[in-house]
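For reference, the structure discussed in these notes is given below.
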Amino acid sequence: MALLPILTYPDPRLHTVAMPVAVVDDRIRRLIDDMAETMYAAPGIGLAATQVNVHERVIVIDITEDRSQLLAFVNPEIVAAEGFEVTEEGCLSVPGIYDKVERAATVKVRALGRNGDSFTLDADGLLAVCIQHEMDHLKGKVFVEYLSQLKQNRIKTKLKKRERATA
Ligand code: NI
């Protein structure tokens with residue numbers, strides 16, 4: 001396994017739209033393993049392939065505190081969504097920034113697992129938020145784009161300044 005570098009907002013590559021995975025093979029399983037290792041090391045609770053500059057529809061999530069329930073979704077699709085919920089979100093690609101975003105409260109997601117089999121999952125609470133957040137990455141969308149233009153500009157300035165300070 002390997003740690004993968006995570007792209008930082010406003011890197012334009014974060015706006016790439018990911019392509020569907022044609023076949024869940026060893027290459028995709030290795031990507032899932034590397035993404036999981038990268039997510040746990042960060043540490044974070046979700047990571048989309050887009051964030052490690054791989055533009056294929058793969059996300060990993062583990063919202064448990066003891067990192068015991070790794071979920072991998074290949075070609076995820078939301079087939080049903082209900083209600084609304086506002087949660088404070090953060091993102092490994094937008095370090096140190098947290099803000100409120102409105103999402104569906106519950107979602108039903110269909111995807112392929114690491115063995116290539118199709119499954120569906122009903123999610124609510126933090127898991128539902130996380131799935132929607134990570135699936136946005138696959139569309140090239142970062143959560144800060146739900147915020148006002150003023151906030152987005154402030155975040156860009158802050159992150160660029162921080163990047164210069166650590167360069
Ligand atoms: Ni994110």
Side-chain angles (χ1 to χ4, degrees), residues 1-21 28 31-65 67 69-78 81 84-107 109 111-112 114 121 123-163 166:
M1 294 207 283
L3 286 180
L4 306 169
I6 298 175
L7 301 178
T8 303
Y9 181 83
D11 191 312
R13 291 171 291 182
L14 285 169
H15 302 307
T16 313
V17 177
M19 300 289 290
V21 171
I28 294 298
L31 173 63
I32 289 169
D33 291 342
D34 289 346
M35 284 172 59
E37 190 183 4
T38 303
M39 172 184 75
Y40 288 133
I45 58 170
L47 190 69
T50 309
Q51 294 175 273
V52 292
N53 201 28
V54 176
H55 301 290
E56 296 179 76
R57 295 183 57 81
V58 177
I59 65 178
V60 295
I61 292 175
D62 188 344
I63 59 163
T64 64
E65 282 200 6
R67 304 173 168 193
Q69 279 175 51
L70 178 66
L71 299 170
F73 302 82
V74 178
N75 297 341
E77 301 290 342
I78 288 176
F84 295 98
E85 198 169 283
V86 175
T87 312
E88 190 164 80
E89 297 187 18
C91 180
L92 293 177
S93 293
V94 198
I97 305 292
Y98 302 89
D99 215 320
K100 291 187 172 71
V101 177
E102 185 181 290
R103 305 276 188 187
T106 66
V107 293
V109 58
L112 304 177
R114 62 176 293 131
L121 178 76
D124 61 8
L126 180 58
L127 182 57
V129 170
C130 200
I131 288 169
Q132 292 170 84
H133 175 118
E134 302 311 332
M135 285 184 65
D136 270 355
H137 279 301
L138 302 180
K139 290 183 248 170
K141 185 160 184 171
V142 181
F143 86 98
V144 295
E145 287 161 51
Y146 289 104
L147 308 177
S148 68
Q149 198 59 52
L150 179 67
K151 277 188 177 176
Q152 289 182 50
N153 291 340
R154 279 191 191 145
I155 291 166
K156 277 182 197 166
T157 305
K158 192 187 261 186
L159 290 181
K160 281 179 183 165
K161 201 182 285 177
R162 201 182 295 161
E163 203 168 292
T166 56

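Keep in mind it's a predicted model, so treat the numbers as computed, not measured. Indexing begins at 1, ligand by ligand and atom by atom, following the structure's order.
For the pair Ile155 and Pro10, the minimum side-chain heavy-atom distance is 4.5 Å or more. Thr8 is listed as a side-chain neighbour of Pro95, based on a closest heavy-atom distance under 4.5 Å. In this structure, the side chains of Leu3 and Glu37 come closer than 4.5 Å at one or more pairs of heavy atoms.
Excluding waters, the set of protein N/O/S atoms under 2.8 Å from the Ni ion (ligand 1) reads Cys91 SG, His133 NE2, His137 NE2.
Gln51 and Ser93 form a side-chain donor-acceptor contact under 3.5 Å, judged by distance and modelled atom types alone.
At distances below 3.5 Å, not a single donor-acceptor pair connects side-chain atoms of Gln69 with backbone N or O atoms of Ile63.
The cationic group of Lys100 does not satisfy the cation-pi geometry with Tyr146, failing either the under 6.0 Å distance to the six-membered ring centre or the 45° limit from the ring axis.
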